[in-house]
Amino acid sequence: MSEKKNVLKDKSFSFAIRIINLYKYLSTAKNEYVLSKQLLRSGTAVGALIRESQNAESKADFIHKLAIAQKECDESIYWIELLFHTNYLSSTEYESISNEATEILKIIRSIIITTKNKNRS
């Protein structure tokens, strides 16, 4: 599990960097501030919560922190979809960042399920 957590930590950090750069692009080139600010908040929260989970006080706290990261990741996907459907993102931009967010979401879900199953054993 620790190898997956490191992969998740790295992926979520790279994702946060992409989100920050996308925010810069949307606010300067497209003059879009409202949706992009929401995406900036949720997209950078994912990695922060994953980092926080590494210092969890218990398995329950670990699961809880990852569950919040999962919600923030899903919210990020929502904002990305909205930006695409309102023509702020091209198909290529949308598919790339959406796929990255979906991959992170799947990893988080997998870790939560695995951890919960280990607790039952």
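One is the number of the first residue; the rest follow in order along the sequence.
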Student: Count the heavy atoms belonging to other residues, nucleotides or ligands that lie under 6.0 Å from CZ of F13, then report whether that count exceeds 12.
Tutor: no
Student: Do L35 and L39 pass the side-chain contact (heavy atoms from CB on, under 4.5 Å) test, and can you show the C-alpha distance, the side-chain angles, and the key distance before you say yes or no?
Tutor: CA-CA 6 Å; L35 302 177; L39 177 59; over 6 Å; no
Student: Got N99 and E103 here, is their nearest side-chain heavy-atom distance under 4.5 Å?
Tutor: no
Student: Measuring only between side-chain heavy atoms, which start at C-beta, is I17 closer than 4.5 Å to N21?
Tutor: yes
Student: Applying side-chain contact (heavy atoms from CB on, under 4.5 Å), run through F84 and T86 and close with a yes or a no.
Tutor: CA-CA 5 Å; F84 171 65; T86 53; over 6 Å; no
Student: Kindly work out whether a path of hydrophobic side-chain contacts (I/L/V/M/F/W/Y, heavy atoms less than 4.5 Å apart) joins I80 to Y25.
Tutor: yes
Student: Hey, what else clusters with I113 if you join Ile, Leu, Val, Met, Phe, Trp, Tyr whenever side-chain heavy atoms sit under 4.5 Å?
Tutor: none
Student: Would you name the heavy atoms of A56 and D61 that are closest together and state the gap between them?
Tutor: CA-OD2, 3.3 Å
Student: Mind checking whether E75 and Q38 have side chains closer than 4.5 Å, heavy atoms only?
Tutor: yes
Student: Could you check whether atom OH of Y78 has more than 12 heavy atoms from other residues, nucleotides or ligands sitting under 6.0 Å from it?
Tutor: no
Student: Assess the residue pair I108 and V46 against the criterion (side-chain contact (heavy atoms from CB on, under 4.5 Å)); give the C-alpha distance rounded to whole Å, side-chain angles, the decisive distance to 0.1 Å, and a yes or no.
Tutor: CA-CA 10 Å; I108 293 169; V46 177; 4.2 Å; yes
Student: Measure the spacing between CD of Q54 and CG of L49 and express it to the nearest 0.5 Å.
Tutor: 11.5 Å
Student: Flag the pair E100 and K11 as a salt bridge only when some basic side-chain nitrogen lies within less than 4.0 angstrom of an acidic carboxylate oxygen.
Tutor: no
Student: Between S90 and E93, does any side-chain donor sit less than 3.5 Å from a side-chain acceptor?
Tutor: yes
Student: Quick one: closest heavy-atom pair of K30 and Y88, and the distance?
Tutor: CE-O, 3.8 Å
Student: Quick one: CG on N6 to CD1 on I50, what's the gap to the nearest 0.5 Å?
Tutor: 11.5 Å
Student: When you compare the side chains of R51 and S12, does any donor N or O come within less than 3.5 Å of an acceptor on the partner?
Tutor: no
Student: Of all heavy-atom pairs between S42 and W79, which one has the smallest distance, and what is that distance?
Tutor: OG-CD1, 3.7 Å
Student: Is a donor from one side chain sitting under 3.5 angstrom from an acceptor on the other, for S27 and S36?
Tutor: no
Student: So do L26 and Y23 actually touch side chain to side chain, heavy atoms under 4.5 Å?
Tutor: no
Student: Can you tell me how far the CZ atom of F62 sits from the CG atom of N55, to the nearest 0.5 Å?
Tutor: 11.0 Å
Student: State yes or no: do L82 and L40 share one hydrophobic cluster built from I, L, V, M, F, W and Y residues joined by side-chain heavy-atom distances below 4.5 Å, directly or via other members?
Tutor: yes
Student: Any chance you could measure L105, atom CG, to S110, atom OG, to the nearest 0.5 Å?
Tutor: 11.0 Å
Student: Specify the closest pair of heavy atoms between I77 and A101, including all atoms of both residues, with the distance to one decimal.
Tutor: CG1-CB, 3.6 Å
Student: CD1/I107 to CD1/I112 distance, rounded to the nearest 0.5 angstrom?
Tutor: 12.0 Å
Student: Would you say the side-chain atoms of Q70 pair up with the backbone N or O of C73, donor to acceptor, closer than 3.5 Å?
Tutor: no
Student: With a 4.5 Å cut-off on side-chain heavy atoms, are F15 and I97 touching?
Tutor: yes
Student: Could you tell me whether a side-chain N or O of E72 sits under 3.5 Å from a main-chain N or O of D74, the two making a donor and an acceptor?
Tutor: no
Student: What's the spacing between Y94 OH and L83 CG if we round to 0.5 Å?
Tutor: 11.0 Å
Student: Is the shortest heavy-atom distance from the side chain of L66 to the side chain of T115 under 4.5 Å?
Tutor: no
